[in-house]
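For reference, the structure discussed in these notes is given below.
The chains referred to below are lettered A, B, ... by the order of the sequence lines, with proteins before strands, and numbering in each begins at 1. What you see is a predicted model, and the numbers here were worked out from it, not measured in a lab.
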Amino acid sequence: MYPFVYHKATSVEDARKAFADADDAAFLAGGMTLVPTMKQRLAMPSDLVDLNAIASMRGVTVDGDILTIGAMTTHHQVATSSIVQKFAPGLAGLAGTIGDRAVRYRGTLGGSIANNDPAADYPGAVLALSATIVTDRREIAGDDFFTGMFETALDEGELITAVRFAKPIKGAYAKFPNPASRYAIAGVFVAELGDGVRVAVTGAAPTVFRVPAMESALARNFSPEALEGIGVDEQDLNTDIHASAAYRAHLVSVMAGRAVHAALEEGSQSGV
Amino acid sequence: MTITISLTINGRHIKHTVDPALLLVDFLRENCQLTGTHVGCDTSQCGACTVLFDDQAIKACTLFAAQADGASIVTIEGLAQDDELHPMQKAFQAHHGLQCGFCTPGMVLTAIDIARTHGAPDDATIRRELEGNLCRCTGYQNIVKAVSAGARAMSKD
């Protein structure tokens, strides 16, 4: 690993300043991706700004139909939060399937979506639950946030402080995990919101995407049968050592059906 | 640049100066001579480096020592009381939950965390919660038995 300067930020303002004053800084959230990447020398920040001591960036609150989760809230905290389990059981279920137990203790919501790994789980929840990304300088609609593989709408040095999720009438996440890494080979979050149904697919393509044909079919009839004959085009999907594009296209349909089935069962979690 | 950290390891308070890039696992092994915490993969996958960090079983290869400032850490060396093994260690011994032993320290610490979370978990829960700890020898059968027995022994204490 290349040497770097370490900063322990104690407030959002403190983190902003440390980042701005450095040559080529990176924010350190859970570090579950950044630290391994630095070991491989794929990332070589001059400075690391550790966000773990910023208390205002952690925690879960509900205000009416809006759930706000601090960006530094860990996957473990989301998975085990009684507030999240009640507000959106599918979201708590999703968090409980990320990585493994040790990863969930450290990995964070903000870190996951800022990295926008094509196989990460949270981007599916952001699109399906019509989320809003709150940063240190603005709010970004979830639909506009993920712009490409490992790319987001965040500007240089822009820090996610929280994510707001809409309350689903029902919703669930189903994923087919890579058996070694637990990353999604294909994951589908289906949610019925007040203004329609959203179907978000992660793991299958360079970045998370919605499936309008499934959404309109489920808006008419929220059942697994409504999805029959509706698939995604394998032309747009990834092929790698884990799965071909055709296999991923098949998995998307299967996971979408499982997610709908799970959403119909009260208090359901993921289909893993 | 060096950073001074102050933390508790196996109940002992220590203060140390570290380089920012020093990983917690290397700090434990090289600076504290606690070599029971192993480095298996160094890529956050195998769990041989698992320690309890403020009571949570985490992988010490994916955290900088600087981040442990103020934390309380328990390694495999900190489990036995005098000559008496921890109930989870006894269970691994009694059920032969190991072969070469390389993954065992991480397995035991994760198992203790699982037991504290779930009380007396069923085998499916144990297998799911052990996903982050890999064993190349045993095929896991006796590890699952050991965790199950150890968790039950812990809940009686």
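- Of the atoms belonging to B:Asp42, heavy atoms from both backbone and side chain fall under 4.5 Å from chain A.
- One finds the CG atom of A:Asp100 at 8.5 Å from the CG atom of B:Leu134 (value rounded to the nearest 0.5 Å).
- Contact count against chain A (heavy-atom pairs under 4.5 Å) is highest for B:Pro20 among B:Pro20, B:Ser44, B:Gly132.
- The 12-atom threshold is exceeded at NE2 of B:His118, counting heavy atoms of other residues, nucleotides or ligands nearer than 6.0 Å.
- The contact between B:Leu23 and chain A is made entirely by side chain atoms (from C-beta outward), counting heavy-atom distances below 4.5 Å.
- Only the side chain of B:Ile3 comes within less than 4.5 Å of a heavy atom of chain A; its backbone N, CA, C and O stay farther away.
- Proximity of a side-chain donor or acceptor of A:Arg101 to a complementary backbone N or O of B:Gln56 within less than 3.5 Å is not detected.
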CA sep, side-chain torsions, deciding dist, call: B:Gln67, A:Asp50, side-chain contact (heavy atoms from CB on, under 4.5 Å):
CA-CA 8 Å; B:Gln67 295 182 274; A:Asp50 187 354; 3.4 Å; yes
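- In this structure, the portion of A:Leu28 lying under 4.5 Å from any heavy atom of chain B is its side chain and not its backbone.
- In the displayed structure, B:Arg136 atom CZ is contacted under 6.0 Å by at most 12 heavy atoms of other residues, nucleotides or ligands.
- A heavy-atom distance below 4.5 Å is not found between the side chains of B:Lys59 and A:Tyr105.
- Between A:Pro36 and B:Thr62, the shortest heavy-atom contact is CD-CG2, 3.9 Å.
- Both the backbone and the side chain of A:Met32 come within contact range of chain B, with heavy atoms under 4.5 Å apart.
- Note that CZ of B:Phe64 and CE of A:Met38 are 4.0 Å apart. Values are rounded to the nearest 0.5 Å.
- A salt bridge links B:Glu129 with A:Arg104; the closest basic N to acidic carboxylate O contact falls under 4.0 Å.
- Heavy-atom distances place no part of B:Asp19 under 4.5 Å from chain A, backbone and side chain included.
- A side-chain donor-acceptor contact under 3.5 Å links A:Lys39 to the backbone of B:Cys61.
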